[in-house]
Amino acid sequence: MKNITLHSVHEKLGAKMVPFAGYNMPVQYEGVTIEHETVRNGVGVFDVSHMGEFLLTGDHALALIQKVTSNDASTLEIGKAQYSCLPNNEGGIVDDLIVYRIKENQYLLVVNASNIEKDWNWISSHNEFGVEMKNLSDDYSLLAIQGPKAIEAMQSLTTVDLAGIKYYHFVVGPFAGIEHVIISATGYTGSGGFEIYCKNTEVEQLWNKVFEAGAPFGIKPIGLAARDTLRLEMGFCLYGNDINDNTSPIEAGLGWITKFSKDFINAENLKKQKEEGVSRKLVGFELTERGIPRHDYEIVDENGNAIGIVTSGTMAPSLGKGIGMGYVKTEFAAIDTPIYIKIRNNNVAAKVVKMPFYKKA
């Protein structure tokens, strides 16, 4: 297991550390519900330094990205980011990622921690363009400062107008006394805020200044458990649960990041899927009876016939009810369709709902 740079800081704060994606990570501090509500209503900080970062530079950097990703990166201006995925040759997904356009011929790809080596090898294997690739994953840290009070709490740390950074845009500028950091209006919570990329040598200073500036706003450290409940309430996919090597972006409802205006790996088969339809779809559901759905629980119809599988599930802190995502046969995918989740030996009633589950008031 690797340790992230601020490992000892989290231990001193009383974090429960658990192995996750090859790293010892803080899963919770005070408790999932308190941490979840801190982000929904105030401001909290996640240390997600386990994420991977690849820097692609050169005249043909865009050509390589266009080949290996499903979204159309040619629409990216400098200072803009894009959610995308890496399709494999079999119709599944190697990983989902964010693509940042840093300069004219330079892009940063941010990938999931569990897939760093796999993604690096996959992209490298398709680099017939002579693109310079650097794996920065071990040298950079990432703090996600999330919540509706994030802008107000952090503005004193930078001359950059934080309120002026649009969603999925970023600025490279000064922050917390550090000259060049990426301040990105992205996140995985649906409650606004920023993700701040800096060097490992700078992250302790960054962490301390962030907590100093955020103190009047009730800022708290937040663990991965609350990150999961927050992302699930928004219906955001988690790689390894809701998407993987065997789920296609079309099945997963990611047609919006799958652009057939360009050629990319397995585009032909995915286009065929989009045109002809798929036999299963990823849906959101909420329980209409008491219960908590969990990963790999079976989904059945009213007669108890298996129709699908739960990929993510939880008791939603913001909603006070059991919610989840899962793949079901397409005929059961329409909104309001009654389904049942097999919890222990009981078939617990649920219905398909439109995501996100959580909607801002």
Is the shortest distance from a Lys or Arg side-chain nitrogen in Glu77 or Arg101 to a carboxylate oxygen in the other one below 4.0 Å? no

Before giving the answer on side-chain contact (heavy atoms from CB on, under 4.5 Å), spell out for Asn244 and Ile93 the whole-Å C-alpha distance, their side-chain angles and the decisive distance to 0.1 Å. CA-CA 5 Å; Asn244 58 39; Ile93 298 170; over 6 Å; no

Do Ile196 and Leu224 belong together in a cluster built from hydrophobic side chains that touch within less than 4.5 Å? no

Taking side-chain hydrogen bond (donor to acceptor under 3.5 Å, both in side chains) as the test, write out the residues that go with Ser248, two or more places apart. Gln273

Distance-only donor-acceptor pairs under 3.5 Å for side chains of residues 335-344, two or more places apart:
unit_1: Thr337; atom_1: OG1; unit_2: Ala334; atom_2: O; d: 2.6
unit_1: Lys342; atom_1: NZ; unit_2: Asn347; atom_2: OD1; d: 3.4

After noting the C-alpha distance and the side-chain angles of Met325 and Leu282, does the key distance pass the side-chain contact (heavy atoms from CB on, under 4.5 Å) rule? CA-CA 7 Å; Met325 292 160 69; Leu282 185 66; 3.7 Å; yes

Return the CD1 to OG1 distance between Ile299 and Thr311, rounded to the nearest 0.5 Å. 7.5 Å

In a table with atom names and distances, give each donor-acceptor pair under 3.5 Å that connects a side chain of residues 199-206 to protein atoms at least two apart or in another chain.
unit_1: Asn200; atom_1: OD1; unit_2: Ser141; atom_2: N; d: 3.3
unit_1: Asn200; atom_1: OD1; unit_2: Ser141; atom_2: OG; d: 2.7
unit_1: Asn200; atom_1: ND2; unit_2: Asp138; atom_2: O; d: 2.7
unit_1: Glu202; atom_1: OE1; unit_2: Lys199; atom_2: N; d: 3.0
unit_1: Gln205; atom_1: NE2; unit_2: Ala176; atom_2: O; d: 2.9

Going by ring-ring contact (aromatic ring centres under 6.0 Å, His included), name the residues that satisfy it together with His7, two or more places apart in sequence or in a different chain. none

Using the salt bridge (Lys or Arg N to Asp or Glu O under 4.0 Å) definition, which of the options Glu37, Glu30, Glu35 pairs with Lys220? Glu30

So, using side-chain hydrogen bond (donor to acceptor under 3.5 Å, both in side chains) as the criterion, who are the partners of Asp96 when residues are at least two apart? Tyr83, Asn112

According to ring-ring contact (aromatic ring centres under 6.0 Å, His included), who are the partners of Phe211, at least two apart in sequence or on a separate chain? Trp207

Walk me through it: do Val48 and Tyr188 pass the test side-chain contact (heavy atoms from CB on, under 4.5 Å)? CA-CA 11 Å; Val48 283; Tyr188 200 40; over 6 Å; no

I need the Ile65 CD1 to Lys262 NZ distance, nearest 0.5 Å. 9.0 Å

Is the shortest distance from a Lys or Arg side-chain nitrogen in Glu251 or Lys281 to a carboxylate oxygen in the other one below 4.0 Å? no

Run the side-chain contact (heavy atoms from CB on, under 4.5 Å) test on Val94 and Asp119 for me, step by step, so that the C-alpha distance in whole Å, both residues' side-chain angles and the decisive distance to 0.1 Å come before the verdict. CA-CA 7 Å; Val94 177; Asp119 293 356; 3.5 Å; yes

Can you list the residues that meet the ring-ring contact (aromatic ring centres under 6.0 Å, His included) rule with Tyr239, with sequence neighbours excluded? none

Which pairs, with at least one residue in residues 94-127 and sequence neighbours excluded, count as a ring-ring contact (aromatic ring centres under 6.0 Å, His included)? Phe54-Trp120, Tyr100-Phe170, Tyr100-Tyr197, Trp122-His126

As an exercise, state the distance from NZ of Lys259 to CD of Gln82, rounded to the nearest 0.5 Å. 6.5 Å

Salt bridge (charged side-chain N to carboxylate O under 4.0 Å, His left out) pairs touching residues 222-242, sequence neighbours excluded, are Arg40-Glu233, Asp228-Arg231, Arg231-Asp242

Quick one: which residue pairs count as a ring-ring contact (aromatic ring centres under 6.0 Å, His included) with a foot in residues 132-162, not counting sequence neighbours? none

Qualifying residues under side-chain hydrogen bond (donor to acceptor under 3.5 Å, both in side chains), relative to Gln28, sequence neighbours excluded: none

Minimum heavy-atom separation for Leu142 to Asp47, with atom names? O-OD1, 3.6 Å

Phe46: which residues meet the ring-ring contact (aromatic ring centres under 6.0 Å, His included) condition with it, sequence neighbours left out? none

